[in-house]
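Each chain gets a letter, A, B and so on, in the order the sequences are listed, and its residues count up from 1.
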2 protein chains.
Amino acid sequence: MNESRPRGRRPGRADTRSEILAAALTMFSEVGYEKVSLRAIARTADVDPALVHHYFHSKPELFAEAVLSLPLGDPSVVVSALLAGPHDEIGRRAVENLLDIMEMPDARERFSAMLRAAVSESGAQRPLSELLSKEIYSKVAEGLGHTNAKQRGDLAVSVVLGLVLARDILQLQSIGRMSRAQLVRAIGPSMQFYLADHW
Amino acid sequence: MNESRPRGRRPGRADTRSEILAAALTMFSEVGYEKVSLRAIARTADVDPALVHHYFHSKPELFAEAVLSLPLGDPSVVVSALLAGPHDEIGRRAVENLLDIMEMPDARERFSAMLRAAVSESGAQRPLSELLSKEIYSKVAEGLGHTNAKQRGDLAVSVVLGLVLARDILQLQSIGRMSRAQLVRAIGPSMQFYLADHW
DNA sequence: GTCTATATGATGATAGAC
DNA sequence: GTCTATCATCATATAGAC
C-alpha cells in the first residue's frame with residue numbers, strides 16, 4: 001500500500017515490493033536507465049525476475065514509481081521563500097535550499113537517476129530540467145523583475161545540474177568532499193549572479 | 001581522408017568509411033553510446049551493417065575513432081595562454097577559449113558524445129572531466145597560487161559540463177539562443193570566481 | 001505470492017560467398 | 001569491398017503451474 005518505508009538501504013527485511021523499489025532506485029541512479037536490466041534489479045533485490053513484472057507492469061512504470069514518485073518539496077513554496085528573503089542573498093539561500101532538498105531521503109539517488117535518464121533519453125524525457133527551470137529558477141528571476149528571466153533560470157539550472165553531474169555522477173572527488181558550508185560559499189555567488197545581479 | 005565535410009547530413013557522397021564515422025559521431029552525440037546500435041549507425045550511413053565491423057572491429061573501437069580521435073587543442077597551450085594574460089580577466093578568457101574550441105569542426109558533437117558516454121558508463125569512462133580538470137582548469141588554479149586548486153578546477157569543470165549539458169544535450173532553448181558574447185558575459189564571472197577569486 | 005518456462009525480438013559479432 | 005546468413009547472448013514481457 002506504499003506506506004512510508006525507511007528507504008535507502010533497508011537493514012531488515014521489508015516486503016518484496018519495497019525491496020524491488022529500493023533496488024531499482026539504487027541501480028537506476030548508479031547505472032542508468034538503459035543499462036540496467038530488470039534481471040539485474042531483481043538480482044539486487046534478491047527476488048525472482050518475474051516478480052518485477054508482476055508488481056510493476058513494465059520498465060518505464062518501475063522507473064516512474066521508483067524515482068519519479070516524488071514530492072521533493074513544493075516548487076511554489078521554494079519560490080516564495082526565496083523571494084521573501086533579502087534579495088542580495090538570494091543566491092546563497094537558493095543553494096542552501098537546494099542542498100536541503102538533496103539531503104532528503106533518496107533525493108540524491110533520485111536526482112542522479114533523473115539526470116542519467118534525461119541524458120540517455122535524448123531530450124524526450126527531461127522532467128528534471130523542466131521542473132527546475134520553469135517551476136523554480138525562472139520564476140525567481142521573474143519575481144526579481146528581470147526581463148531575461150527564462151535565460152537566467154536556465155543558467156541557474158546549468159549550475160544545479162553541473163553540480164549533480166560533477167559530484168554524484170562523475171564523482172569528482174574534490175567536489176564530493178566539500179562540506180555544505182563550502183558548497184554554499186563556492187556556488188552561492190554564481191547563483192546570485194545568474195538570478196539577481198545586473199549584467 | 002576525413003576532410004572537413006559540411007557536417008550533419010552530408011549531401012554529396014564520400015567514401016564508405018567516412019560515411020560510417022560521420023553517422024557514428026552524429027548518433028553517439030544525439031542518442032548516446034548504449035542506446036545506439038551498430039545497425040542503426042549503418043542505416044544512417046546507408047551502408048551494410050557488416051561493413052561497420054569490417055572497418056572498425058567493435059563498438060568501442062568505433063566510438064574511439066569517431067569521437068575520441070581528437071586533438072581539440074593542446075591543453076598545456078591553453079593553460080599557458082590563460083596564465084600569460086591578465087589574471088583579473090582569466091575567467092572571461094577561459095570561457096572565450098572554451099567557446100573557441102567548441103566552434104571547431106565536430107567539437108560540440110564530440111563533447112556531447114563524450115559527456116553522454118561518461119554519464120552512461122557509470123564512472124568507468126570519464127576522459128572528458130579528467131582531461132578538463134587535471135590538464136586544464138586545476139592547472140590554471142594552481143598557476144594562480146591557490147592551495148585548493150583541485151577543488152577550484154573541478155568547480156570550473158562543473159561549469160563547462162553544465163553548459164554542454166544544458167545547451168547541447170538537454171537543449172534548453174534560452175541557452176541555445178545565447179550568442180557568444182552573451183555566454184562570455186554570463187559565464188565568465190563564474191569562471192573568474194572559481195578559478196581566481198578569493199573565497 | 002512466487003517461480004518455471006518460454007515467446008519474441010534486438011543486439012554485437014563472425015564466417016564466408018561474390 | 002560488399003553483402004548474405006547466421007551465431008550466441010541478452011533484453012522485455014507473458015502464460016501458467018504450484
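Considering only residues two or more places apart in sequence or on other chains, Lys59(B) meets the salt bridge (charged side-chain N to carboxylate O under 4.0 Å, His left out) condition with none of them. With sequence neighbours left out, the ring pair (Phe, Tyr, Trp, His ring centres under 6.0 Å) criterion links Phe28(A) to Tyr33(A), Phe63(A). Listed by chain and number, the residues in a salt bridge (charged side-chain N to carboxylate O under 4.0 Å, His left out) with Arg180(B) are Asp100(B), Glu103(B) (sequence neighbours excluded). Under the side chain to side chain donor-acceptor pair (under 3.5 Å) criterion, Ser112(B) pairs with no residue, sequence neighbours left out. Listed by chain and number, the residues in a salt bridge (charged side-chain N to carboxylate O under 4.0 Å, His left out) with Glu142(A) amount to none (sequence neighbours excluded). Partners of Arg92(A) by side chain to side chain donor-acceptor pair (under 3.5 Å), not counting sequence neighbours, listed by chain and number: Glu89(A), Glu96(A).
First and last contacting nucleotides of DNA chain C toward chain B (any atom under 4.0 angstrom from a heavy atom, 5' to 3' order): dT11(C) to dT14(C).
Every pair passing ring-ring contact (aromatic ring centres under 6.0 Å, His included) that includes a residue from residues 172-195 of chain B is listed here, sequence neighbours excluded: Phe193(B)-Trp199(B).
Within residues 48-59 of chain B, the residues that have a heavy atom under 4.0 Å from DNA chain C are, in order of number, His53(B), Ser58(B), Lys59(B).
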